Number of protein chains: 2
Amino acid sequence: MSSDRTRSAILAAAERLYADRGFGDVTLRDIVAEANVNLAAVNYHFGSKDELIAELFVTRSLATNRERLNELKAAEETGGGRAPIDAILHALVGPTLRGCLGPDREGSTAARFMIRASIESVPPIRRIKNREVDHLRKFIAAMRRAMPGRDDADLYWGLHFALAMAHHTIREKERLTKLSEGQCDLNDVDAIVDRVVSVSVTALTGGETPAKKAPVRPAVPHGRLTRQDL
Amino acid sequence: MSSDRTRSAILAAAERLYADRGFGDVTLRDIVAEANVNLAAVNYHFGSKDELIAELFVTRSLATNRERLNELKAAEETGGGRAPIDAILHALVGPTLRGCLGPDREGSTAARFMIRASIESVPPIRRIKNREVDHLRKFIAAMRRAMPGRDDADLYWGLHFALAMAHHTIREKERLTKLSEGQCDLNDVDAIVDRVVSVSVTALTGGETPAKKAPVRPAVPHGRLTRQDL
DNA sequence: TTGCAATTCAAACAGTTGTATGAAACTATC
DNA sequence: GATAGTTTCATACAACTGTTTGAATTGCAA
C-alpha cells in the first residue's frame, strides 16, 4: 500500500518549519528540501499547500478536542451526569493550555506549531476554526446543566472569556513575560489553568449581570501624526 | 509644499482595502488602482509596503493609546491622584472596544482595519505591538497605586486578562454571535466594556490563587486523516 | 522666463510563488 | 516476468510580487 514515508516526511518537515519560522516565511520548496522529497510530492499527496496546512492543523486540533471531551466526560461521570462548572471550564481550557505551554512542551514541534497557528491565523486554518462552533456547543450544554438558573447569554460570555484568557495567554506569552519582567511564570501551566478557571468561574457565579452605571467619557478625535513613538 | 493628495489617497485606499479584504489579499497594485495613483507612488511616499502598513497602524494605535491615557488621567484627577481599579481597567479596554465594535462603527473603515490588524497580525504590525509594553506599564503603575497590597504578578495577570477579553471579543465577534445565535449582543459596546471590567475587577479583588494537581497526557503523533470533520 | 527640485508616470526588473506535466522508477499482482 | 497502478522526479509554467529606473511633468522661486 505504498510507503507513507514521503507523506509523513512532508508533514513533519512542514510542521517543524511552520513552527519555527511562521506560515508567511516558509515555501513549499523549503518544506520539500527539509523533507528530502521532490517538489511535486506535496501536490501529489495533499492536493495543494493549503490542504497540507489544513491537515496539519486538523490533526492537532482534533487531538485537543478529543482531550477536552474526554475530560468533560470524566467529570460528568464523576458527578453523576452533572459536572461542576469549574471542572467543565477546566476541561475546556486545560488541554489547549497544556498543549501549547509548559516546560516539557518547550521543544515540542506540535506545541510551537499550534502557537503559530494561534498567532498568524492563515486562511485554511481560519476556515477550520469556524467549524469549531459545534464542539463548543457541547460545553455550553454542560454549563447549562451545571448552572440551570443562569441566563444563556451569561454562559456564552463565560465560555468566551475563558477561551479568551487561554488563547491570549498562548498568543502573548512572550509579551507578558517581558511586561512582567519574569514575574508571571509562563512555565507553571497548572497554575495558569487554575487561574483562568478561577477567574472564569467567578465571572459566571459572581456578580449579577453588569449594572448599567457606564460612565461617559469624551470622544477623542484623530489628530495628525508627527512622532512614531507608539 | 506639494499636495499631500497622493499620499492621503494611498492611505485611505489602503486602509479601506485592507479592512475589507485583509492584508494577505491586497497588493500594491490593488491599492494604487483604488487610489488612482501610480504604482511607484507608494515606494516614493512611504519607502515600502511594510512602512505603509506600519503608518496606517501606528496612526490608529496612537489614537487609541491617547484615549486610554486621557481617560486614565481624568480618573486619577477625579480620585485625587489615585484612580479606583475599575476606572483604570475601564480606561484600558474602553477605547479599544469602542474603537472596534459598536453599531456606529459598523461602517467605519478605521474600526474594520483595526479588527483586521487584530486578527491577521502581519509582521510590520507585530513589530509595533511589541513596543506597546511601555504604554501598558503606565496602567500597571496606576493599578499598583489602586491596590497597594496586591502582588505584582497578580496585577500583571489582571491586566493581561482584561486585554485578553477585550481583544478576543474583537477578534471573534463573528464566532461569538454565531455560537450564541445572537443572544450575545455585540452591538451594545458599553455593556461589553462593563462586563469585561467587572470580570477583571473580581479577578483582581477576588480569591487567592489556588493550587491543584494536573494529569499527564500522551503526545499525539501525526496519522493519516480520513475525515475532515473537526 | 529660467532653473531647480519635487512629483508622477510607464515600463521593466528580478525574484518568488504554487502548480502542472509527462516521463521514469518503483511495487505488487497475476 | 509482463502488466497495471502507484509514486517519484526534473523541469517548465504562468502568474504575481514589491521594487527600481529614468524620463516626463509639475510647481514654485528667483
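Just so it is clear, the model here is predicted, and its values are computed rather than measured. Here is the naming used below: chain letters follow the sequence lines, and residue numbers restart at 1 for every chain.
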Q | Rounded distance in Å - CZ (A:F46) to C1' (C:dG18) | A | 15 Å

Q | For atom OH of A:Y44 and atom C1' of C:dG22, their distance in whole Å | A | 14 Å

Q. Expressed in angstrom and rounded to an integer, what is the separation of A:L52 atom CG from C:dG18 atom P?
A. 11 Å

Q. How would you list, by chain and number, every residue that makes a ring pair (Phe, Tyr, Trp, His ring centres under 6.0 Å) with B:F139, sequence neighbours excluded?
A. B:H135

Q: Please report, rounded to the nearest Å, how far the C1' atom of C:dA6 is from the CG atom of B:D4.
A: 13 Å

Q) Hey, are A:E172 and B:K129 close enough for a salt bridge, meaning a charged N less than 4.0 Å from a carboxylate O? A) no

Q | Set of residues satisfying side chain to side chain contact (heavy atoms under 4.5 Å, CB included) with respect to B:E120, sequence neighbours excluded | A | A:R126, B:F23, B:R116

Q | Residue list, side chain to side chain donor-acceptor pair (under 3.5 Å) with B:E34, at least two apart or on another chain | A | B:R16

(Q) Just N and O in the side chain of B:T6: are any of them under 4.0 Å from OP1 or OP2 of C:dT8? (A) yes

Check nucleotides 17-21 of chain D for protein N or O atoms closer than 3.5 Å to its own N or O atoms and list the pairs.
from, atom 1, to, atom 2, distance (Å)
D:dG18, OP1, B:K49, NZ, 2.7
D:dG18, OP2, B:L28, N, 3.2
D:dG18, N7, B:R29, NH1, 2.9
D:dG18, O6, B:R29, NH2, 2.8
D:dT19, OP2, B:N43, OD1, 3.2
D:dT19, OP2, B:K49, N, 2.9
D:dT19, O5', B:N43, OD1, 3.4

Q | Sequence-distant partners of B:V26, side chain to side chain contact (heavy atoms under 4.5 Å, CB included), two or more places apart | A | B:L17, B:Y18, B:R21, B:D30, B:I31

Q.
What is the separation between atom NE2 on A:H45 and atom P on D:dT7, rounded to the nearest whole Å?
A. 6 Å

Table please: side-chain donor-acceptor pairs of residues 157-167 of chain B below 3.5 Å, with sequence neighbours left out.
from, atom 1, to, atom 2, distance (Å)
B:H160, NE2, A:T169, OG1, 2.9
B:H167, ND1, B:L163, O, 3.4

